[in-house]
Amino acid sequence: MTYDFRKIEEKWQQFWAENQTFKADNDSQKEKFYVLDMFPYPSGAGLHVGHPLGYIASDIYARYKRHKGFNVLHPMGYDSFGLPAEQYAIQTGQHPAITTETNINRYREQLDKIGFSFDWSREVRTSDPNYYKWTQWIFIQLFNSWYNKDADRAEDISRLIAIFEKEGNQSVNAVCDEDVALFSAADWQAFTAKQQQEVLLQYRLTYLAETEVNWCPALGTVLANDEIVNGVSERGGHPVIRKKMTQWSMRISAYAQRLLDDLAMVDWPQPLKDSQTNWIGRSEGAEVTFRVLPLAPPQGGGTTSDLNRDSSSPKFHTADSDIYGVLLERAKDMRKNPTKAEAKLWEALRNRNLDSKFRIQHPISRYIVDFVCLEKELIVEVDGEIHQYQLNEDAERQLLLEQKKGYTVIRFTNDEVLNDIDEVVYKIETALNSPSLGGGRGEVNSQAQEISVFTTRPDTIFGVSFMTLAPEHELVSKITTSGQKEEVEAYIAATAKRSERDRMADVKTITGAFTGAYAEHPFSKEPIPIWIGDYVLAGYGTGAVMSVPCGDQRDYDFAKHFNIPIPNIFEGVDISELAFADKEKTVIANSDFLNGLPYKEAVKRVISELEQLGQGKGKINYRLRDAVFSRQRYWGEPFPVYYVDGMPQMISAEHLPIILPEVEKYLPTETGEPPLGNATIWAWDVGKSAVVSNQLIDDVTVFPLELNTMPGWAGSSYYFNRYMDPHNEKEIFSKEAMDYWQDVDLYIGGSEHATGHLLYSRFWQKFLFDKGVVPKPEFAKKLINQGMITGTSAFVYRVDFEASWSLNKKIKEPSLTKPMYVSYDCFKEIDDLYKFILSSEISAQDKNIFANGNGFTKGLASVIEDTVFYNLLDGGKKDTLKIFMRLFEYVQNDIRTQNVGAIVHGLKFSPIHVKVQYVNASDELDIEELKRDSEFGEEYKDAIFIGEKGEVLPFGEDLGGAFKVSREVEKMSKSKYNVVSPDAICEEYGADSLRLYEMFLGPLEQSKPWNTAGITGTHGFLKKLWRLYHSGREGQFKVDNSPLEGGEGGVAEPLKESLKTLHRTIKKVEEDIENFSFNTSVSTFMIAVNELSAQKCTSRAILEPLAVLVSPYAPHIAEELWSKLGHTTSIANAPFPKFEGKYLVESSKEYPISFNGKVRFKVELPADLSKEEIEAAVMAHDKTQEQLQGRTPKKVIVVPGKIVNIVG
RNA sequence: GCUCGAGUGGUGGAAUUGGUAGACACGUUGGACUUAAAAUCCAAUGGACAUUAGUCCGUGCGGGUUCAAGUCCCGCCUCGAGUACCA
């Protein structure tokens, strides 16, 4: 009997299906074990051998746990909403539901062939209304919840309303929008219903908000951050831009801290935890408020910040007192000698009937201004030519007067005054009447602006030399001075135009603009210039930073670029080249009360000082943003939402599911609405509680429904819970089912879901936990990332040539009549020759004759015997040269006979992918099969293949050499022709061989290349295993039924050796499975079968447990052997063999004897010898004496059971 | 740049707390069986020298600890994954 795997596998797959062998019971006395695989998206391409890797591992574990007596839940289903089906629908008009169904059927067929022990009775599909009913239900729960920070959990929105009614929102400590206004209970009562809804939306865990989103015009949808790779969409690689849209968002940020903390609860791979930690991005620091110095600050009423002014002195004493005398003398001087223009303007100002009084050459602060109206705080300057070279000083002076002193400065040139005095006076009048002007001293002109920044280094606050706002920051337009307006606006426009991708592409270009405004340092009260720059991100923190160039490299670079001072506030640190960012080594200097403090203490101190000032507090910031939940897509879950007066309303749960409507087109509507805008029956009738025609919308009883759909992660964020009770129509799952199954014990899947699916799922789980729906705050205890299986691509080398041909004739580029390909060996030798030319010690000129940099060999025809270059070649290279010459001549002849007037100069060999299925284990290409290929056969049909030794097959010289390909490990992909389908493997070697081989390849977590050749190893093992049970005449099944003890009736008991083999195997396999080291247990099986075969073991006492051991890995053959052993029920629940150490006890040990750590020989010694006895026995040994050659060892180290080392 | 992971024969990979490096398999070479091929079986297979015993070198590189290091420590190099102006 041969091992007929096709028949066996089909038989048992059918058996399992018919008997529902793997159906998990919700009502069992057994202990539960939940093994889960990540939800597949059923793509049209089907599975390749990389996909089932994780499924095989989890299946082995699930089957093992069944043998160990657990009630195992091992379900499978489909994440069947998604982009590809919709893209396909847009292209072909085919309904996504149909393509999805087809793809699922193909997936199922492929999965079934591999023999997985899934409980298919629990299959779910996210696109099934019976499933997404509960996705909608969870959405409603989120909408009806808010996050109470005091309780640190989600609570029902009704509780919040109750608080509002009683006391307003002052005492509410919730995670909510940034800009929530304070209101009292009375205010709340006075709000209209709509206003109340608006307020509540600011608190709900899912809310509508205008958000800046990643809009992908080509896909017509919004993408999540993790759906964008390198600035383009993950699927399709289309450009992505920033756009503001009203979107549903999920307040995942409320859970940031818990998502971080609870990572400690789960046994997940550290890299995955790290990447979630980074994604959440917690940083501790402080929020600091900087006052913006007003453009025209109040100067009276004692609120002035000008500390130098003597309040008792007259109002026109505006100069700084220390230099008042000097300035006044100078001013008097200047009044006597006015310029022409000054005199003319002074006359005009006095003669015209202006309401305001002007002074000429008046000292203010440390300057003398030309004209000033003190009431209106307007300074008029007339610039002579002399000012041209002192523009900078003027600007500085103007800034001081404007920012610190609150004056408005207007300037005229001499020419303006002399030529058009009327126009000048008109401008002055206009300026006097402008409302932005002080309008009289003591009056507050506008409310003070503040900038809040988040910093992780509040200790460096005295190193602030400027502030930087994101260009999108809302304050920018409010604080920019008229002088800087143009520059700032130009900069903002330029930044907005730059796509995210451009911004990322050149992070090195430093750009920014000065707003003209100044902020006040909270401690030193010094003015700090406010800049904008796109290195500050609008979306992080407050969108503004206090820039400390000495302590932050980005600030440093910015300061250097714009010539902003870089004050050093670190003790003993050189900052002339680089910023200093090492917290540990920080000692603060030049910082008032912080001097001499290290980082940690300085932070504490500064925060407490800021708190006293009311200008800051300690704060924890998270990088994690709220997740946008709307997609402008058809093929997704519809929201259970309709709109009344623009406010979203939930449809009550009893009317769910709201079924995805039919549409004619899957594209956005002409008005740019999502595809659901094409639906004609898509309105909600509150009276009938039904979806009705859009034409009935009257906004009284019939309202429009939401047009967005939910994103891909909606349905996959709770499916693991639904599997526990997948057909429940009344609840998302019953309490009993949940109480029994609790959570996932083992989850296997790819690491690519680290910051998407796995974070969102944890978020929903925590929410459902808060609501008491699930019993555990984390859904998966243990998680394993399986590695990727990469492909091994195969290449042939196409012969290309370089030629020159007449351009006069209208001839297309010449090509060979028949394409030519050379085998890898042949290519390699020619390539070596080519490289030899390039590296030879011949002149550059000579090199250029023989070869050029583009890989073309040329001019080799001139290499004839006894030339200098020829003599450089060794024998092998001379042979290669001959082969090359023949090729070259052939190509030359071929082109010449085409009579196109082209001359061939050189040859090149280009690697071309060929389908790996035509390549055997020895890397030989099956040319005949390749020529028959349905897709590419034509291309190769007439091609010439030149083999290993340069034999030219079509020239009639078959030297019997093979045609080899070169191989390279690449990602498995259709375009690289290296995809291997599991179907083909199952067909040729069987599912059991595939399962074993996938495990045998290497550690589960590691990525490793697939090479079909190796599968003969595991296939051969299965054949050997089969033969072990079929050692009878002509391969008949033969198992010796003797009981373990006794050996009655003349049949021998199992050999001691066989028992040792068996129990060693039990021990190893058990340990391996528990450690998820599946590759090593396959080796163990091989060793066991090799040994048992050598022992000619036929004993049932050995072979029966062996079948159970193998069963998780190779279930089909195990079932067949099990039934041949006389069992009528499946092997699936047979108990796992029990390991007994007594069979492994050895009576002797072969000790390696090493000298100075090097093993020289081995000595067989009884296992129970003491250290001393071992030493004595070893020292007495002939070989020991031979090694020592009379020397006395310094030391003898004996490790019983391990090794003996003799030193000396 | 930062974070994490990994470097062992021609290849995939073993080596459990420091204790015989290269298990197991692929590939390669030779042999048996066969008219032949496939399949199967047997033998050899890290490198170098010696081909009889044997000797030396070998786990990315350079140091160190130890009787003993692939494994531990220090410093580098290379590759891979994630992330990216995160204040």
Side-chain angles (χ1 to χ4, degrees), chain A residues 2 226 230 269-275 277-279 281-283 285 453-457 460 468 503-504 506-508 510 533-537 539-548 551-555 557-558 581 621-625 751-752 754-755 785 787-788 792 920-923 967 969 996-997 1000-1003 1005-1018 1020-1021 1023-1024 1027 1068 1071-1072 1075 1077 1079-1087 1090 1150-1162 1193-1199 1201-1208:
Chain A
T2 53
D226 48 283
N230 295 329
Q270 198 55 42
L272 195 155
K273 288 187 178 187
D274 289 346
S275 97
T277 305
N278 290 338
W279 194 261
R282 181 186 201 270
S283 43
V453 300
F454 174 73
T455 175
T456 53
R457 296 295 305 272
T460 63
T468 317
R503 267 166 92 158
M504 270 162 58
D506 73 346
V507 293
K508 290 199 177 79
I510 295 162
D534 69 357
Y535 81 98
V536 176
L537 303 177
Y540 182 73
T542 58
V545 301
M546 57 174 227
S547 302
V548 183
D552 183 290
Q553 195 54 45
R554 288 155 305 163
D555 295 343
D557 295 340
F558 194 86
N621 209 36
Y622 300 94
R623 197 180 75 127
L624 183 70
R625 302 264 71 88
S751 55
E752 67 273 18
T755 53
N785 287 133
M788 196 175 45
T792 318
N920 74 5
S922 311
D923 292 344
R967 314 217 69 163
V969 172
L996 281 168
Y997 186 52
F1000 185 64
L1001 274 177
E1005 298 93 329
Q1006 238 170 62
S1007 110
K1008 54 240 155 191
W1010 176 270
N1011 188 347
T1012 305
I1015 201 170
T1016 52
T1018 55
F1021 157 74
K1023 284 198 228 171
K1024 264 192 210 168
R1027 270 203 306 277
K1068 176 82 174 132
E1071 282 169 3
D1072 283 347
N1075 292 319
S1077 171
N1079 54 327
T1080 48
S1081 34
V1082 179
S1083 305
T1084 306
F1085 288 137
M1086 288 173 170
I1087 294 166
N1090 287 346
E1150 194 182 37
Y1151 278 93
I1153 312 302
S1154 55
F1155 292 81
N1156 296 321
K1158 281 175 192 163
V1159 175
R1160 294 300 175 189
F1161 60 92
K1162 286 158 195 175
K1194 282 184 196 140
K1195 205 172 175 186
V1196 178
I1197 286 145
V1198 178
V1199 185
K1202 290 262 163 134
I1203 201 167
V1204 177
N1205 192 14
I1206 299 166
V1207 188

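Proteins get letters first, then strands, A, B, ... in listed order; numbering begins at 1 in each.
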Proximal nucleotide (of [options]) relative to the [X] side chain:
X        : options                : value
T1016(A) : A14(B), C26(B), A87(B) : C26(B)
K1068(A) : A84(B), U16(B), U20(B) : U16(B)
R1160(A) : U20(B), C56(B), A87(B) : C56(B)
I1087(A) : C86(B), C26(B), C24(B) : C24(B)
P1003(A) : A23(B), G13(B), U20(B) : G13(B)
T455(A)  : A87(B), A14(B), C24(B) : A87(B)
V1159(A) : U3(B), A21(B), C85(B)  : A21(B)
V545(A)  : C4(B), A87(B), G12(B)  : A87(B)
P1152(A) : G12(B), U20(B), A87(B) : U20(B)

Quiz prompt | Between N1011(A) and T792(A), a side-chain donor and acceptor under 3.5 Å | solution =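 No - no donor-acceptor pair under 3.5 Å links their side chains.
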Quiz item: When you check the side-chain N and O atoms of S283(A) and N621(A), is any donor under 3.5 Å from an acceptor?
Solution: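 There is no such pair between these side chains.
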Under 4.0 angstrom, heavy atoms only, what part of the nucleic acid is [X] near: base, sugar-phosphate, or nothing?
X        : value
T277(A)  : nothing
K1024(A) : sugar-phosphate
K1162(A) : base
V1207(A) : sugar-phosphate
N1090(A) : sugar-phosphate
R282(A)  : nothing
I1197(A) : base

Quiz item: Considering only heavy atoms from C-beta outward, does the side chain of F1000(A) approach that of I1015(A) to under 4.5 Å?
Solution: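 With C-beta onward as the side chain, the pair stays apart.
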Using both distances under 3.5 Å as the test, list the Watson-Crick or G-U wobble partner of [N], or none.
N      : value
A36(B) : none
G30(B) : C42(B)
U11(B) : A25(B)
U55(B) : A48(B)
U83(B) : G1(B)
U78(B) : A6(B)
U17(B) : none

When the distance from [atom1] of [X] to [atom2] of [N] is rounded to whole Å, what number comes out?
X        : N      : atom1 : atom2 : answer
Q1006(A) : A6(B)  : CD    : P     : 8 Å
N621(A)  : A87(B) : CG    : C1'   : 9 Å
Q270(A)  : C4(B)  : CD    : P     : 9 Å
M1086(A) : G13(B) : CE    : P     : 15 Å
R1027(A) : A39(B) : CZ    : C1'   : 10 Å
Y1151(A) : G19(B) : OH    : P     : 16 Å
F1155(A) : G19(B) : CZ    : C1'   : 16 Å
L272(A)  : C4(B)  : CG    : P     : 15 Å

Quiz item: Does the base of U20(B) carry an N or O that pairs as donor and acceptor with the side chain of K1202(A) under 3.5 Å?
Solution: no
Atom [atom1], compared across [N] and [M]: separation rounded to whole Å:
N      : M      : atom1 : result
A39(B) : C49(B) : C1'   : 41 Å
C33(B) : G18(B) : C1'   : 49 Å
U34(B) : A25(B) : C1'   : 27 Å
G10(B) : G47(B) : C1'   : 13 Å
G30(B) : U78(B) : P     : 42 Å
G60(B) : G9(B)  : P     : 8 Å
A6(B)  : A68(B) : P     : 27 Å
G58(B) : G46(B) : C1'   : 8 Å

[X] side chain near [N] phosphate (N/O to OP1/OP2, under 4.0 Å):
X        : N      : result
N1205(A) : G19(B) : no
S1007(A) : A81(B) : no
N278(A)  : A84(B) : no
K1023(A) : U40(B) : yes
K1158(A) : C57(B) : yes
K1195(A) : C67(B) : yes

Quiz item: Taking the six-membered ring for Trp, are F454(A) and Y540(A) parallel (under 30°), tilted (30 to 60°) or perpendicular (over 60°)?
Solution: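 If you compare the ring of F454(A) with that of Y540(A), the planes turn out perpendicular.
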Exercise. Determine if the base of G30(B) is syn or anti; take syn to mean the glycosidic torsion is within 90° of 0.
Key: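 Because its glycosidic torsion lies more than 90° from 0, G30(B) adopts the anti conformation.
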Exercise. Assign each of R554(A) and S275(A) to its nearest nucleotide of RNA chain B by heavy atoms, then name whichever residue's nucleotide is nearer the 5' end.
Key: S275(A)
Quiz prompt | I1206(A) vs M546(A), nearer the 5' end of RNA chain B by closest nucleotide | solution = I1206(A)
Quiz prompt | Working for side-chain contact (heavy atoms from CB on, under 4.5 Å), residues I510(A) and Y535(A) | solution = CA-CA 8 Å; I510(A) 295 162; Y535(A) 81 98; over 6 Å; no
Self-check item: Euclidean distance, K1024(A) NZ relative to T1018(A) OG1, rounded to 0.5 Å
Solution: 12.0 Å
Sidechain-backbone polar pair: [X] side chain, [Y] backbone, donor-acceptor under 3.5 Å:
X        : Y        : answer
N1075(A) : E1071(A) : yes
Y1151(A) : K1202(A) : no
S1154(A) : R1160(A) : no
K1195(A) : N1205(A) : no

